[in-house]
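Below is one structure, written out as structure tokens; comments come after it.
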Amino acid sequence: MNEIEQRRGWRRRLVTPVLSGLVTVALVVFLPRAVGSTWREVGSILGQVSIPALAMLSVVWIAGLWAHSFVLAASLPGLSKRRGLTLSLTGSAVANVLPLGGAAGTALNFRMVRRWGFSKGAFGGFLAVTTLLNVVSKLGVIALALLLVPILHSASAFGKGSLLFLPVPIAVLAGIWILVDERAAVLIGAGLDKVLRRSRLKERLPRFRRRTLTLMRTGWRPMTVGMVAYLALQLALLWLCFHVLHVPLGLPVLFTALAVERLLTLVPITPGSAGVVEVGTTAALVALGGDPAGVAAGLLLFRGFTFLMEIPVGGIMLAIWTWLQHRTGGGARSLGAVA
């Protein structure tokens, strides 16, 4: 019986990445066709990118990651910006290559943080705050984009698809309510426990709230400045990706595109939501009047930095960190637990 269960478990572990990979490949391969273009048209536009332009885009991308390292450092007192950047890139590299890789990336970051001498409780607070800030920042961008829709006079461009944004204000208000009132955390946690059995959110949400508030009281300034700077640089990178390709898109439209991209990254169907983000965001830009080939090329260039580049760069940083740990005799134990 145990052998049968092991075979079933092995099949499940094999099927998940295979299906995830097939979905990713299918979405990326059929991206141009999904928005009414061809890979030849998209490729001809991407071919316009010069080496100096790529260098400029790389600088903006790295600057955004460095800004985000201020958020990470403030969420774990004693963590340096350099180590925060290392956590960000190595965790993303793992998350971007594995189905549901966020858990594996978190496990890796936990081992790294423990190796640097931080406690389990400190990492728990760090994880709680950074998760909250990442989700809130994404929801915040989406909420602001909702306010821009009347300005754009293009609400009809999305049609019924715009209903996907409706839960956002509710989620934002619920998050604020939990932070302001502990009774709300207990009440919402109890309600979620009835839906998600054995989740114990009635106990966990109040603890999460207290731990989060403690860290945010002392580090809210660098957290706020770092997150705002990070989002601004993400928007700048998105604008530059279209600018170097000579694809004209207004700033409000680009902000809406960033909001759609942020929303779709919350749906981890594939590693790093690859394919889902490209198809969904490109379709939104086409609905807002963008040229299919141009918006597909611009978004692929943008995702080349925010998704694809994180894999080799984070992988190199992980390899360097592993080598350094082996030199001090701690690498095998640290990485063995992650594997």
Nearest 0.5 Å please: distance from the CG atom of L301 over to the CG atom of L308. 11.0 Å
Take W321 and T90 through the side chain to side chain contact (heavy atoms under 4.5 Å, CB included) test and state the conclusion after the steps. CA-CA 10 Å; W321 183 82; T90 53; 5.8 Å; no
Hey, could you give me the OG/CE distance between S92 and M317, rounded to the nearest 0.5 Å? 11.0 Å
I need the L87 CG to F126 CZ distance, nearest 0.5 Å. 5.5 Å
Using the rule given for side chain to side chain contact (heavy atoms under 4.5 Å, CB included), can you reason through L263 versus K138, listing the C-alpha separation, both sets of side-chain angles and the distance that settles it, and then say yes or no? CA-CA 7 Å; L263 176 65; K138 291 180 180 182; over 6 Å; no
Show me the side-chain donor-acceptor pairs of residues 284-295 shorter than 3.5 Å, one per line, residues at least two apart or across chains.
{"residue": "D291", "atom": "OD2", "partner": "A293", "partner atom": "N", "Å": "3.4"}
{"residue": "D291", "atom": "OD2", "partner": "G294", "partner atom": "N", "Å": "2.8"}

Go through the structure and list residues passing side chain to side chain contact (heavy atoms under 4.5 Å, CB included) with S80, not counting sequence neighbours. R82, R83
Given 3.5 Å as the limit, does a donor-acceptor pair link the side chain of T282 with the main chain of E278, or not? yes
Checking R114 against W116: charged group under 6.0 Å from the ring centre and within 45 degrees of the axis? no
Distance, nearest 0.5 Å, that separates CD of E310 from CZ of R303: 8.5 Å
Which atom of V141 lies closest to which atom of F255, heavy atoms considered: O-CE2, 3.5 Å
W61 side chain reached by V313 side chain, heavy atoms, under 4.5 Å: yes
Search all heavy atoms of A257 against all heavy atoms of T281 and return the closest pair with its distance. O-CG2, 3.5 Å
Would L258 and L251 show up in the same hydrophobic cluster when neighbours are defined by side-chain heavy atoms closer than 4.5 Å? yes
Side chain to side chain contact (heavy atoms under 4.5 Å, CB included) involving L127 - partner list, sequence neighbours excluded: T106, F123, T131
Can you give me every donor-acceptor pair (side chain of residues 45-54, partner residue at least two apart or in another chain, under 3.5 Å) with its distance?
{"residue": "S50", "atom": "OG", "partner": "A53", "partner atom": "N", "Å": "3.3"}

As an exercise, state the distance from CG of N96 to CD1 of I311, rounded to the nearest 0.5 Å. 5.0 Å
Do L89 and L85 come close enough that some side-chain heavy atom pair is under 4.5 Å? yes
For residues 62-74, tabulate all N or O donor-acceptor pairs below 3.5 Å that involve a side-chain atom, not counting sequence neighbours.
{"residue": "H68", "atom": "NE2", "partner": "N134", "partner atom": "OD1", "Å": "3.4"}
{"residue": "S69", "atom": "OG", "partner": "W66", "partner atom": "O", "Å": "2.4"}

Please table the atom pairs, donor to acceptor, closer than 3.5 Å between any side-chain atom in residues 221-247 and protein atoms at least two apart or in another chain.
{"residue": "T224", "atom": "OG1", "partner": "W220", "partner atom": "O", "Å": "2.7"}
{"residue": "Q234", "atom": "OE1", "partner": "R262", "partner atom": "NH2", "Å": "3.4"}

